[in-house]
Amino acid sequence: MPALAETAPNAAYLHLPHTQPNAPQTSTTPEEVTGSRIITPTPAPATSRTPHPGFWDGNRLLPPLTSRPEAYGQPQALELKPLPTALMHQGPWGVFNANTGAAAGFGTVGYYAVSRWAEDWSSLRDKRNRLDAMDALKYIPFNTKGDIYLTLSGNFRQHNFYDQRAGFGATKKDPAYRNNFRWNLGGDLHLGEHVRFYGELMSGQAAGVNYYGYAGGRWRSKLDAQQAFVEVRGKVLGATVGGMAGRMTFLDAPPYVTAGSVYPSLPYSWNGLRGYAFWKNFRIDGFYLTLTNNAPVTPFHDQVGWNSRLFGAYTSYAVPSFKFMGRNSQIFVDTFYLGILLSSSSLPTMAGGSIAGSTHRDTPGMRIWGNAGPLEFSIGGMWQGGEFRAAKDGPTRPVSAYAIDATLSWRFAKWPGHPAIGIQVDDVSGGNMNKSQTSTWGSFLSPFVPSAYYLDMSTYLGQSNLIDVGPIATITPTSNTTLLLKVPAVWRNNREDAVYANGTAFYAYRPHGTYTATIPQASFTWRATRHITLGIDGEYIFASRSMIHAGASSGAFVQSNIELTF
C-alpha cells in the first residue's frame with residue numbers, strides 16, 4: 001500500500017491524499033498517518049485521468065507556503081500534517097520530513113526546496129503523478145528502469161528595497177533605493193539509487209539610486225558554479241547513509257544561526273565534505289566546510305576560500321509521535337557542535353573603533369522544537385568558547401559566551417486564518433570593552449547571518465549582545481497567502497559592549513542606556529501559482545532616546561519580492 005500510494009493518480013487532491021475524488025473511501029483514520037508515510041485506501045484504477053490545472057492553479061494544487069525559503073525552520077509555520085506526494089518532493093527521511101523537511105537538515109523541502117538538490121522527483125516515473133507542464137523537465141529518464149535520470153531546476157528572484165536612514169542612519173544614504181536579482185539553473189543527475197551529481201550555475205546583480213553596501217562578491221557576481229558535488233548513498237547497519245564532496249549549500253543549523261542568507265544576490269556556498277546517517281528516529285550529520293570566495297569578477301573564477309570555516313556535527317532525535325488535545329504532535333531534540341574559524345575578525349572599542357584579529361569559536365548547543373497539540377515551540381541554548389587573537393602578534397583573549405533563543409506560539413486552528421499567536425525571547429551575551437585586552441571576552445559570535453525573518457527583517461541588528469522580547473503571530477488569510485506580524489523590543493545584553501549590525505560588524509554608536517529599539521514589522525506572502533511567489537515586507541525601527549543621543553536615527557525599511565521557479 002505505501003508503494004502504491006506514491007504513484008496513485010490524482011495525488012494532488014488534499015481532501016483525500018493519493019486517491020481520486022470519486023474513488024470509494026475506506027475507514028482510513030488519522031492514526032494510520034504517521035510522518036510522511038501514508039496508508040491509504042485502495043487507489044483508483046490506473047485508467048483514471050488527472051485533470052490539467054490552468055495557469056492560475058486551484059488552491060488545492062498549490063505547494064505549501066512553508067516551502068518559501070525565507071520561512072525556513074520557523075516553528076510558527078509548522079506543517080506537521082502529511083501532504084500528498086504530488087505537492088511534496090522530499091527524500092526518504094521518514095519522520096524527519098515533518099515541518100516541510102526542515103528536520104532532515106537540508107532546509108525546507110516542499111514542492112520546491114531551499115536547496116534544490118534536496119528535492120526528489122523520482123515519483124514522476126509514473127506519468128499519472130505529473131500535474132504540471134514543467135514536470136517534463138523534472139524527470140528525464142535515460143534507461144528503461146528509470147533509475148538513471150536528470151532533474152532540471154531554475155529560479156529567478158528579484159528584491160527591491162527602500163531604506164530610510166539605513167542602519168540607524170549609519171550609512172548616510174537617505175533615502176536609499178536598492179534592487180538586486182539573481183538567476184540560477186541546476187542539474188541533478190542520478191546514476192542509479194547510490195550515486196548522483198549535482199551542479200548549479202548562478203549569477204547576481206545589484207543596482208539602485210543612492211544605494212550602498214554592494215562591496216564583496218555576494219551582491220554582484222558573474223556567472224559561476226554556486227554548487228557542484230557528488231553524493232554517494234546506501235544502506236549501512238539499518239540506516240540510510242550518505243556522503244557528499246564538493247561545493248554545496250549548508251542549512252543544518254537552527255534558523256537563528258544561519259538560513260543561507262536571504263538578501264544578498266548569492267546565498268552562502270561552501271566547499272568540503274559532509275556525511276549523514278538516518279535511522280527511524282535518529283539522525284547524525286558531520287561536516288567540514290570552507291566558505292566560497294566569490295569576490296573574483298571574472299566568470300567561473302570563484303575560489304575555495306580558506307578564511308572562513310565551519311565544521312562540526314549535528315544530531316536529532318525524533319520523539320515518538322503522540323496525540324495531545326486531539327492533535328498529532330511531533331517533537332525533535334537536537335544536539336550539535338559548531339566550530340568556526342575566521343581569519344578576519346574584530347572586537348569593538350569604547351572610542352568607536354575596532355581591534356583587528358582572528359577568532360576560533362567552539363559552540364556546543366541543544367534545541368528542542370516541534371509541537372505538542374496546538375503549542376508550537378522552539379527552545380534552544382548554546383555556549384561558546386574559543387579565543388580571539390589580535391592582529392600583529394597582539395594578545396590572545398579567551399572567549400566565554402552564550403545564546404538562548406525561544407519562540408512559543410499557540411495555534412488557534414478553528415479561528416479564521418488559523419492564527420498562531422505567541423512570543424519570542426532571545427538572550428545573547430555581550431562582552432566588556434572596558435576590560436583589559438587579555439581578559440575573557442563575553443560576546444557571542446554568529447557570523448553567518450540568520451534568517452531575516454527570525455528577528456529583524458532589515459537585518460540591521462545581529463545576534464550578538466542583545467536581549468529581545470515581543471509578540472509574534474502568523475496568519476493564513478487564505479490557503480495561498482500568509483501574514484507574519486511581530487513587534488520585538490531590543491536591549492543590549494551588556495552596557496559595556498557595542499550594538500551589532502551582524503556577527504562580525506558593529507556600529508560606532510556608544511549609547512549610555514541598554515534599550516536599543518522597538519521594531520514593529522510585517523511580512524505578506526502570496527503564492528500566486530506553483531511557479532510564482534510574491535511578497536512585501538516592512539518594518540519601522542523606533543530607535544531609543546539613548547541611541548538617538550549617540551547619533552543614531554529611527555527609520556523605515558520596505559522590501560518587495562518576486563520569485564519565478566521551476
Side-chain angles (χ1 to χ4, degrees), residues 161-176 178 210-216 219 256 261-264 342 344-357 359 388 390 401 403 426-435 437 441-450 452 454-468 488-521 539-557:
F161 307 91
Y162 165 80
D163 294 274
Q164 181 190 43
R165 300 179 182 87
F168 291 95
T171 66
K172 308 305 179 185
K173 301 285 187 176
D174 182 28
R178 298 178 294 148
N210 204 29
Y211 60 81
Y212 66 93
Y214 293 157
W219 288 91
Y256 43 80
S261 188
V262 174
Y263 293 152
L342 301 178
S344 179
S345 182
S346 60
L347 300 184
T349 64
M350 287 299 297
S354 63
I355 302 172
T359 192
F388 170 82
D426 301 279
D427 181 5
V428 186
S429 67
N432 190 330
M433 295 178 290
N434 288 320
K435 288 187 175 182
Q437 294 190 20
W441 181 249
S443 187
F444 189 89
L445 176 67
S446 183
F448 310 116
V449 180
Y454 182 77
L455 173 63
D456 168 29
M457 292 177 186
S458 67
T459 65
Y460 293 160
L461 285 172
Q463 289 285 97
S464 296
N465 188 37
L466 67 82
I467 296 173
D468 70 86
V490 182
W491 294 262
R492 285 183 294 159
N493 180 293
N494 192 330
R495 181 191 300 267
E496 309 305 327
D497 197 1
V499 178
Y500 285 77
N502 59 55
T504 57
F506 36 83
Y507 295 106
Y509 310 124
R510 295 294 181 264
H512 294 293
T514 57
Y515 170 52
T516 303
T518 297
I519 314 174
Q521 48 198 292
E539 72 177 30
Y540 195 90
I541 297 182
F542 292 94
S544 69
R545 182 178 301 178
S546 177
M547 285 285 288
I548 292 174
H549 286 168
S553 301
S554 300
F557 170 84

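Within the 4.5 Å cutoff, no side-chain heavy atoms of His549 are placed close to those of Ser546. The shortest side-chain heavy-atom distance between Gln164 and Ser553 does not fall under the 4.5 Å cut-off. In this structure the side chain of Tyr256 never reaches within 4.5 angstrom of the side chain of Ser446, judged on heavy atoms. A heavy-atom distance below 4.5 Å is found between the side chains of Tyr454 and Asp426. Using a 4.5 Å cut-off on side-chain heavy atoms (C-beta onward), Pro520 and Phe542 make contact.
Ser554 places a side-chain N or O within 3.5 Å of a backbone atom of Ala543 that can act as its donor or acceptor partner. The closest donor-acceptor contact from the side chain of Ser346 to the backbone of Ala356 lies at 3.5 Å or more, if one exists at all. Although no hydrogens or angles enter the test, the distance criterion places no donor-acceptor pair under 3.5 Å between the side chain of Thr359 and the main chain of Leu342. At least one donor-acceptor pair under 3.5 Å links the side chain of Arg510 to the backbone N or O of Thr349. Side-chain N or O atoms of Arg495 include one that pairs as donor or acceptor with a backbone N or O of His512 at under 3.5 Å. Remark: side-chain polar atoms of Tyr263 are paired, donor with acceptor, to backbone N or O of Met457 under 3.5 angstrom. In this structure, Thr518 contributes its side chain and Ala489 its backbone to no donor-acceptor pair below 3.5 Å. No side-chain donor-acceptor contact under 3.5 Å links Tyr212 to the backbone of Arg178.
Scanning all heavy atoms of the two residues, the minimum distance from Ser443 to Tyr500 falls at OG-OH, 3.5 Å. Across every non-hydrogen atom of Pro511 and Val499, the tightest pair is CG-CG2, 4.4 Å. Scanning all heavy atoms of the two residues, the minimum distance from Asp456 to Leu461 falls at OD2-N, 3.0 Å. Heavy atoms only, all atoms of each residue included: Met433 and Ala498 are closest at CE-N, 3.9 Å.
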Audit row: Tyr162, Phe557, side-chain contact (heavy atoms from CB on, under 4.5 Å) steps and yes/no: CA-CA 6 Å; Tyr162 165 80; Phe557 170 84; over 6 Å; no

Derivation and outcome, side-chain contact (heavy atoms from CB on, under 4.5 Å), residues Thr459 and Asn502: CA-CA 8 Å; Thr459 65; Asn502 59 55; over 6 Å; no

CA sep, side-chain torsions, deciding dist, call: Tyr460, Ile519, side-chain contact (heavy atoms from CB on, under 4.5 Å): CA-CA 11 Å; Tyr460 293 160; Ile519 314 174; over 6 Å; no

Working for side-chain contact (heavy atoms from CB on, under 4.5 Å), residues Phe388 and Trp441: CA-CA 8 Å; Phe388 170 82; Trp441 181 249; 5.7 Å; no

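Ser429 pairs by the side chain to side chain donor-acceptor pair (under 3.5 Å) definition with nothing, not counting sequence neighbours. Taking Glu496 as the reference, Asn434 meet the side chain to side chain donor-acceptor pair (under 3.5 Å) condition, with sequence neighbours excluded.
To the nearest 0.5 Å, atoms CG (Leu455) and CD (Gln463) are separated by 5.5 Å. Rounding to the nearest 0.5 Å gives a distance of 12.5 Å between OG1 of Thr516 and OH of Tyr509. In this structure, CD in Glu539 is found 4.5 Å from CD1 in Ile541, a value given to the nearest 0.5 Å.
Side-chain N/O atoms of Asn493 and Asp427 include a donor and acceptor closer than 3.5 Å. Inspection of the Tyr211 and Asp163 side chains reveals no N or O donor paired with an N or O acceptor under 3.5 Å.
Partner Arg492 forms a side-chain contact (heavy atoms from CB on, under 4.5 Å) with one of Val428, Asn465, Asp497, Ile467 and no other, that one being Asn465.
Aromatic pair Phe168/Tyr507: ring centres closer than 6.0 Å.
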